[in-house]
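Residue numbers begin at 1 in each chain, while the letters A, B, ... track the order of the sequences.
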2 protein chains.
Amino acid sequence: MKHNDSSQIRDLLERLSRLHASEDWSGDINPSQRAALAYLARANRFSRAPSQVAQYLGATRGTVSQTLKALARKELIEEVRSQSDKRSISYDVTKAGFATLDFSTAIDAALADMNIGDRQQLTKSLGSLLTGLLQKRGDRSFGICSTCRHNIKSDTGTWCGLLELSLTPVDTKQICHEHNGG
Amino acid sequence: MKHNDSSQIRDLLERLSRLHASEDWSGDINPSQRAALAYLARANRFSRAPSQVAQYLGATRGTVSQTLKALARKELIEEVRSQSDKRSISYDVTKAGFATLDFSTAIDAALADMNIGDRQQLTKSLGSLLTGLLQKRGDRSFGICSTCRHNIKSDTGTWCGLLELSLTPVDTKQICHEHNGG
DNA sequence: CAGATATAGTAGCGAGTCGCTATTATTGCA
DNA sequence: TGCAATAATAGCGACTCGCTACTATATCTG
């Protein structure tokens, strides 16, 4: 019973991401740095601290701390210290950082060649696999703010019932570490 | 047009493989070493040289050379020097090497929870994405020997029309670097 | 309110990845 | 026979990665 669907899927994922990673060195950064940068670019202002990046990427805080320092040295992100909690740091992506993310690899070209239906089907399958994986690991979902059970829309705007503060339209379209799909 | 299906699929692949990699350190080896070891365990006797591992993984020969030396130090694989071409080396996976590959992670558990149809669908989609990617990159397919256009079955056995030698039943079930699907 | 405990971030270690540029053996071609 | 291609490797510099401290806050609880 050596090569069933499960191990084949694992192998395919492994191989795809290795081939992708080998093309992912453009713009003076390595694949790990790019992954962290890409997360920061999509995360809302409550979710851009080292611990949260670490959780999202499944790495340790120590490793991520180093990676973020490297990105800051390259001026692709910048430190923002918090007033309220003097221990915590948040990182904002700079203009140069966003620019670095704007490129495409052979995998994008291959995806462009797939028909729309297959692509949507694949998005759905990978999404549900990820959800299952996160559940098994007991990890947070890191979903989009507007789809969260704590997100309350009213006439006067949008409110986060967990953090107890009002949300901007930008916030609600981004990834939140407190996201709970319910 | 920032977050369409394509970039979402790329993100999902990235995140799944990072989360998987973080669990992939069991048995005293790291994810890269495991990937090389897993390839060697599935490749036929004509396809176990450093150059071929490098092509399969999309890494450079230098990197792979180091990785294989590390695996050899740990006695999970062993060097086999070729008589015919004194430059080339091949690696065989040892018993301990095969044993190291025999474990499962949260992603296997998540896959086990999917229904069979979805799993087969996912296998198919990922397979065709990989095929497209390899084509874009101009890489070899590394398919199973028996599905190759050079594979010739006759009463007396199986023959490789490219390498011009006879194939054992084991050979034909393994990955070949000369594979050509036609 | 004063500990005790938890949390956020980091330094430093050791092993190893990774792209890169040589360098050393062959091998095969012209 | 010479010379370009090929196989493998060495060594470099930047970095990842899990790990174990360690510091500076925050929060909880008696």
Side-chain angles (χ1 to χ4, degrees), chain A residues 14 17-37 39-40 46-74 76-77 79-91 177-178, chain B residues 14 17-37 39-40 46-74 76-77 79-91 177-178:
Chain A
E14 173 83 45
S17 60
R18 259 175 208 283
L19 291 173
H20 179 250
S22 76
E23 293 184 68
D24 212 9
W25 290 75
S26 1
D28 194 33
I29 60 173
N30 67 38
S32 294
Q33 291 170 358
R34 182 177 301 282
L37 184 58
Y39 168 76
L40 290 177
F46 321 116
S47 312
R48 298 195 206 114
S51 297
Q52 290 145 16
V53 180
Q55 264 189 71
Y56 184 83
L57 298 177
T60 60
R61 278 174 302 151
T63 299
V64 169
S65 184
Q66 291 310 307
T67 300
L68 296 181
K69 293 282 174 203
L71 285 170
R73 267 199 309 279
K74 294 172 188 175
L76 302 176
I77 61 177
E79 267 189 38
V80 182
R81 305 224 74 124
S82 161
Q83 253 83 29
S84 57
D85 187 337
K86 282 178 187 155
R87 294 168 304 178
S88 78
I89 293 186
S90 190
Y91 285 93
H177 75 114
E178 294 285 13
Chain B
E14 173 82 46
S17 59
R18 258 176 210 283
L19 291 173
H20 179 250
S22 75
E23 294 184 69
D24 211 12
W25 291 75
S26 4
D28 194 33
I29 60 174
N30 67 37
S32 294
Q33 291 170 358
R34 183 177 302 281
L37 185 57
Y39 168 76
L40 289 176
F46 321 117
S47 311
R48 294 193 211 117
S51 296
Q52 290 144 18
V53 179
Q55 265 189 70
Y56 184 85
L57 298 178
T60 61
R61 276 173 302 150
T63 299
V64 169
S65 185
Q66 292 309 308
T67 301
L68 297 180
K69 294 282 174 200
L71 285 170
R73 267 198 310 278
K74 294 172 187 176
L76 302 176
I77 61 178
E79 265 189 40
V80 182
R81 303 229 82 138
S82 159
Q83 252 81 31
S84 55
D85 186 337
K86 282 178 187 155
R87 293 169 305 180
S88 78
I89 293 186
S90 190
Y91 285 93
H177 74 114
E178 295 285 12

*Rounded to the nearest Å, what distance is computed from the CG atom of residue B/Asp24 to the P atom of nucleotide D/dG18?*
11 Å
_Any side-chain heavy-atom pair of A/Gln55 and A/Ser47 under 4.5 Å_ = no
*Give the rounded distance in Å between these two atoms: CD of B/Glu79 and P of D/dT9.*
6 Å
*Do the side chains of B/Trp25 and B/Asn30 get nearer than 4.5 Å, heavy atoms only?*
yes
*Could you tell me whether A/Arg18 contacts a base, only the sugar-phosphate backbone, or nothing, with contacts defined as non-hydrogen atoms closer than 4.0 Å?*
sugar-phosphate
*Reckon B/Thr60 has a side-chain N or O less than 4.0 Å from the OP1 or OP2 of C/dG19?*
yes
*Determine the contact category for B/Ser82: base if any of its heavy atoms lies under 4.0 Å from a base atom, sugar-phosphate if only primed atoms, P, OP1 or OP2 are that close, otherwise nothing.*
nothing
*Any side-chain heavy-atom pair of B/Gln52 and B/Tyr39 under 4.5 Å*: yes
*Could you state the atom-to-atom distance from CZ of B/Arg81 to C1' of D/dT9 in whole Å?*
10 Å
_Selection from C/dG19, D/dA7, C/dT7 that lies nearest to any side-chain heavy atom of A/Arg87_ = C/dT7
*asked:* Taking only side-chain N and O atoms of B/Ser65, does any of them lie within less than 4.0 angstrom of OP1 or OP2 on D/dT9?
replied: yes
*Shortest non-hydrogen contact from A/Arg61 to A/Ser51?*
CD-OG, 3.5 Å
*Hey, does A/His177 have a side-chain heavy atom less than 4.5 Å from the side chain of A/Arg48?*
no
*Does a side-chain N or O from A/Lys86 land closer than 4.0 Å to OP1 or OP2 of D/dA24, or not?*
no
_Short side-chain N/O contact from A/Ser22 to OP1 or OP2 of C/dG19, under 4.0 Å_ = no
*Is there a side-chain contact between B/Leu68 and B/Leu40, using heavy atoms and a 4.5 Å cut-off?*
yes
*What is the distance, rounded to the nearest whole Å, between atom CD of A/Gln52 and atom P of C/dG9?*
7 Å
*Between B/Leu57 (CG) and C/dG19 (P), how many Å, whole number?*
11 Å
_Distance, rounded to the nearest Å, where B/Arg34 contributes CZ and C/dT17 contributes P_ = 13 Å
Hey, what are the protein-to-nucleotides 11-15 of chain D N/O distances that come in under 3.5 Å?
residue	atom	partner	partner atom	Å
D/dC15	OP1	A/Lys74	NZ	3.3
D/dC15	OP2	A/Arg73	NH2	3.3
D/dC15	O3'	A/Asn30	ND2	2.8
D/dC15	O3'	A/Gln33	NE2	3.2

*Atom pair distance, as rounded to whole Å: CZ in A/Arg61 and C1' in D/dG18*: 13 Å
_Comparing A/Ala21 and A/Leu68 on DNA chain C - which has the more 5′ nearest nucleotide_ = A/Leu68
*Mind calculating the distance between CD1 (B/Ile89) and P (D/dA7) to the nearest angstrom?*
13 Å
_Min side-chain heavy-atom separation B/Arg34-A/Glu14 under 4.5 Å_ = no
